[in-house]
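All remarks here apply to the structure that follows.
In what follows, chains are A, B, ... by sequence order, proteins preceding strands, each numbered from 1. Owing to the predicted nature of the structure, the values given are computational and were not obtained by experimental measurement.
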Number of protein chains: 2
Amino acid sequence: MKNEIYGNLILETEYWKLFLAPSQRYLGTSVLSLKRECPSLKDLNNDEWEEFIKFVKTIETLYNKLFKPDLFNWGCLKNKSFRDKNPKPEIHWHIHPRYGKSFEFMGVKFEDKEFGYPPSGKEVKIDENVQIAIVNLIKENLVF
Amino acid sequence: MKNEIYGNLILETEYWKLFLAPSQRYLGTSVLSLKRECPSLKDLNNDEWEEFIKFVKTIETLYNKLFKPDLFNWGCLKNKSFRDKNPKPEIHWHIHPRYGKSFEFMGVKFEDKEFGYPPSGKEVKIDENVQIAIVNLIKENLVF
C-alpha cells in the first residue's frame, strides 16, 4: 500500500523506506517513510533518528552528484491524513531538490517554476519509463 | 539580526536558537535556527543533530500541553535566501502546530483555515502584548 502512495521503492533499510515520489515536479523528489506506525516525531527512537541522519547525508550527497540541485527542502508534515475523520498520521519526510535553472534530463524538460518559494503541491507525472530510469539511476549509485 | 528575521527569542542553547515566529497564523509557530553558518542539513554534525532531536521532543511535548494542537509540521526549506543573486542559506526549521478546531487564546481567536493542507505563507501578526505573553508562557514552562 505504502508503495503505491509514496511512489517507487528505491531502498528499504531497518527502519525506513525511500521512494521516488509519484510527482516529479522537481526532479528527484522523494519520500522517506518510517516503517513502523508512529504518529509524531517526538516518538522516534534513537536508532530511527540515527538511520534518518544517515539518509539525510546519503540522499543530499548522491542527489547533488546525480541531479545538481541548488538546495533541498525537507519536510515532515502529515497534513493529508487529517482530512479523514479518524486520522492515522505516519512519519514520512518529503524531500524536494530545488533547481534555479531548467534543464533536460533523459529527454524530459524539468522546470522549477517556484524556485525560491515553498514547493507546490501540484502533481507533475512524467513518462513511466523515465520514472523507472530515475529510480534505477539512484539505486545503482546509492551506497548506504 | 536573526532575532528580527526569525521572531522573538525563546531559548538559546549551545547550537540552536528557538524563536516565536513573527507570524502567528498557527498559534505557537516557531523557528529553530542553527547558530553557526551551515548551508545544508548533510553538514550538521552529531552534536548539532543530538541537540536538534532534544528540541523536537521538548517542543512537541510542551506545545501539546500549552496549545493542544492536533499535529506539527516540521520543515527545513531555505528557499527565501535563493531569491538573492548570492544566496546565503542558513539551516533553520519551521515548526507549525496545526489545529483542527478554532479557539480563543489570550483573547485572540486563532483559526487554522488550511488544516489538512500545507502551511500557508500568509503572514498573520497578532497584538504585540499577546505575542510577548506567548513567548513568556513558553519560557516559563520550557525545561531543556
query = If you check every heavy atom in residues 50-60 of chain A against those of chain B, which residues fall under 4.5 Å?
reply = A/Phe52, A/Ile53, A/Val56, A/Lys57, A/Glu60
Heavy-atom contact with chain A under 4.5 Å, split by part of B/Asp43 = neither
request  = Following the transitive rule for hydrophobic clusters with a side-chain heavy-atom cut-off under 4.5 Å over Ile, Leu, Val, Met, Phe, Trp and Tyr, establish whether A/Leu62 and A/Leu11 coincide in one cluster.
outcome  = yes
request  = Verify the neighbour count for atom CG of A/Asn46: are there more than 12 heavy atoms of other residues, nucleotides or ligands below 6.0 Å?
outcome  = no
ask   = Is B/Tyr6 reachable from B/Leu77 through a run of hydrophobic residues whose side-chain heavy atoms are each under 4.5 Å from the next?
value = no
ask   = Linking I/L/V/M/F/W/Y whenever any side-chain heavy atoms sit under 4.5 Å apart, do B/Ile95 and A/Trp93 land together?
value = yes
task = Answer with yes or no whether the hydrophobic clustering places B/Leu44 together with B/Leu32; edges join I, L, V, M, F, W, Y residues whose side-chain heavy atoms lie under 4.5 Å apart.
result = yes
ask   = Nearest 0.5 Å, what's the CG-SG distance between B/Asn73 and A/Cys76?
value = 8.5 Å
key: Sorted by number, residues from residues 122-141 of chain B in contact with chain A (heavy atoms, under 4.5 Å)   = none
Heavy-atom pair of closest approach, residues A/Leu41 and B/Trp74 = CD1-CD1, 3.6 Å
request  = For chain B, find which of A/Pro118, A/Gly116, A/Pro89 contributes the most heavy-atom pairs closer than 4.5 angstrom.
outcome  = A/Gly116
message = Applying a heavy-atom distance below 4.5 Å, give me the residues of residues 78-87 of chain B that approach chain A, sorted by number.
response = B/Lys78, B/Asn79, B/Lys80, B/Phe82, B/Arg83
ask   = How would you list, in number order, the residues of residues 98-105 of chain A that have a heavy atom less than 4.5 Å from chain B?
value = A/Arg98
query = Where on B/Phe72 is there a heavy atom nearer than 4.5 Å to chain A: the side chain, the backbone, both, or neither?
reply = backbone
query = Is B/Ile91 reachable from A/Trp49 through a run of I, L, V, M, F, W or Y residues, each pair having side-chain heavy atoms under 4.5 Å apart?
reply = yes
